[in-house]
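Beneath this line is the structure, given in structure tokens, with notes to follow.
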Amino acid sequence: MVEITFLGSGGGRFITITQFRSTGGFHIRASRNIQVDPGPGALVRSWRYKLDPRKLDAIFVSHRHVDHCNDLEVMIEAMTGGALKKYGTLIASKSVVYGDEMHTPAVSKYHLNVLESVHIPEPGSKIAIGEDEMLITPCQHSDPTTIGFRLKTSAGDISYIPDTAYFEGLREWHEGTRLLIAAVTRPRDMGIPYHLSTDDMVEMLKAMERKPEALIMSHIGMKMHFANPYKEAKYIETVTGVKTYVAKEGFRVMMEKNEIAVRTLRPARFV
């Protein structure tokens, strides 16, 4: 079984600073343990749902914006046993490792030096993580180095589309994936540049010949939050026929070869 546990479902500056929805990214347990986009709260929520960050094997960061990378360094410290052992893999956009004209790097040289490997891949690159393989996919965001992925696992492919505009070719990268996790930030008729909306997801899913078994909407922005994301999810499901869920803190997806099941975990502890 492959498990995906959400440590938050919020995104954008206003959800992040209010924490109307938590912003810790999500955790994948496949042949290895992978933390994806450790935004503010990733460390705390990991412990809250019994996901020991000391057992991480890899961390993926799509881009340099704080709602995706705030807890990166402390998660590296956890993965490397307090930075006392050289271990683990970081897969991150160029802006995360080197910074850009608007941002300093999100990770220090000290933390880079305790990792076994650091990948700053371009779309089309393939990276082995245990028995799984991660294909890096392109995005079009205000951070031009933003990347997503398609992870090939024993239970099928998991695609992650972080912040991006909808563009020609996006569908092809994720055609036929079994589970699609997408940052659907805006509701119908309220799209903004560099982010996906409900309308964009409907367009992409309708165009797919091999649709995913399930879509998980995450990275919910403030406008989507108050527009009722569950209503938007129902609309997507009705129009496209793709089972659609809205992520929230503690939401877990369990993928087996013949079934995708979901549940919401109760917090194990409050920290």
Side-chain angles (χ1 to χ4, degrees), residues 1-7 25-38 51 55-63 68 75 79 87-93 96 115-140 145-164 167 169-184 196 201 204-205 207-219 240 242-245 247 251-262:
M1 181 189 293
V2 175
E3 292 182 344
I4 303 99
T5 305
F6 287 83
L7 306 175
F26 59 95
H27 177 282
I28 300 174
R29 183 180 67 81
S31 68
R32 296 292 186 271
N33 293 311
I34 308 167
Q35 170 68 37
V36 178
D37 277 357
L51 296 169
K55 295 181 179 179
L56 284 172
D57 301 293
I59 301 172
F60 174 92
V61 188
S62 62
H63 63 291
H68 295 259
M75 295 300 272
M79 182 168 65
Y87 184 73
T89 298
L90 173 63
I91 304 164
S93 70
V96 169
L115 293 163
E116 273 188 320
S117 60
V118 178
H119 299 270
I120 311 167
E122 294 293 328
S125 301
K126 295 180 179 179
I127 302 164
I129 306 176
E131 300 170 9
D132 309 313
E133 182 181 75
M134 180 178 283
L135 170 67
I136 302 303
T137 60
C139 298
Q140 292 184 4
T145 69
T146 301
I147 51 175
F149 65 75
R150 181 168 179 161
L151 184 67
K152 186 178 183 62
T153 78
S154 60
D157 288 8
I158 302 166
S159 280
Y160 174 48
I161 304 177
D163 290 336
T164 182
F167 61 91
L170 181 64
R171 172 183 61 81
E172 286 84 352
W173 285 93
H174 303 283
E175 178 89 32
T177 194
R178 189 174 184 204
L179 179 70
L180 176 59
I181 301 168
V184 188
L196 293 176
M201 285 310 306
M204 186 171 80
L205 291 173
M208 283 182 168
E209 294 183 8
R210 294 174 294 130
K211 294 178 172 58
E213 287 185 38
L215 165 68
I216 312 295
M217 294 169 52
S218 192
H219 206 62
T240 68
V242 175
K243 184 66 179 177
T244 304
Y245 300 96
F251 184 74
R252 174 169 288 177
V253 183
M254 296 154 287
M255 288 179 58
E256 296 186 272
K257 288 186 177 180
N258 299 315
E259 182 184 18
I260 295 178
V262 302

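In this chain, numbering begins with 1 at the start of the sequence shown. Worth knowing before you read on, the calculation uses all heavy atoms, side chains too, and leaves out hydrogens, waters and symmetry mates. Predicted, not measured: the structure shown is a model, and the values here were computed from it.
Side-chain contact between Asn33 and His27 is present, with heavy atoms from C-beta onward closer than 4.5 Å. In this structure, Ile127 and Phe149 have side chains that are not in contact, with every pair of non-hydrogen atoms separated by 4.5 Å or more. Taking 4.5 Å as the limit, some side-chain heavy atom of Ser159 sits within range of a side-chain heavy atom of Leu180. Using a 4.5 Å heavy-atom threshold, the side chains of Gln35 and Leu7 count as touching. Side-chain atoms of Leu151 and Ile34, non-hydrogen and from C-beta on, do get closer than 4.5 Å to each other. Here the side chains of Ser218 and Phe26 are not in contact, with every heavy-atom distance at 4.5 Å or above. Looking only at side-chain heavy atoms (C-beta outward), Val242 and Met208 stay at 4.5 Å or farther from each other. Residues Ile161 and Met204 form a side-chain contact, since some pair of their non-hydrogen atoms from C-beta on lies under 4.5 Å apart.
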### Query
Taking it one step at a time, do Ile136 and Ile91 satisfy side chain to side chain contact (heavy atoms under 4.5 Å, CB included)?
CA-CA 10 Å; Ile136 302 303; Ile91 304 164; 4.1 Å; yes
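Asp57 places no side-chain N or O within donor-acceptor distance of the main-chain N or O of Ile129, the cut-off being under 3.5 Å. Under the 3.5 Å distance criterion, the side-chain polar atoms of Glu213 are left unmatched by any main-chain donor or acceptor of Lys243. Side-chain atoms of Arg252 never come within 3.5 Å of backbone atoms of Glu3 as a donor-acceptor pair (strictly under, hydrogens ignored). For the pair Thr164 (side chain) and Gln140 (backbone), a donor-acceptor distance under 3.5 Å is present.
The heavy-atom pair separating Ile4 from Ile28 by the smallest distance is CG1-CG1, 4.2 Å. The minimum heavy-atom distance between Ala155 and Arg178, with the atom names listed, is O-NH1, 2.7 Å. Taking every heavy atom of both residues into account, Ile59 and Leu56 meet most closely at CG1-CD1, 4.4 Å. When all heavy atoms are compared, the tightest approach of Tyr245 to Ala214 is CE1-CB, 4.2 Å. Smallest separation of non-hydrogen atoms from Ser154 and Lys257: O-CE, 3.6 Å. Taking all atoms of both residues into account, the shortest heavy-atom contact from Ile158 to Met255 is CG1-SD, 3.7 Å.
A donor-acceptor contact under 3.5 angstrom links the side chains of Asp163 and His68, judged on distance only. In the model, Ser93 has no side-chain atom that pairs as donor or acceptor with a side-chain atom of Thr146 under 3.5 Å.
Using cut-offs of 30° and 60° on the angle between ring planes, the pair Tyr160 and Phe60 is perpendicular.
Every residue two or more places apart in sequence or in another chain was checked for a salt bridge (Lys or Arg N to Asp or Glu O under 4.0 Å) with Glu172, and none qualifies. Residues forming a salt bridge (Lys or Arg N to Asp or Glu O under 4.0 Å) with Arg150 (at least two apart in sequence, or on another chain): Asp157.
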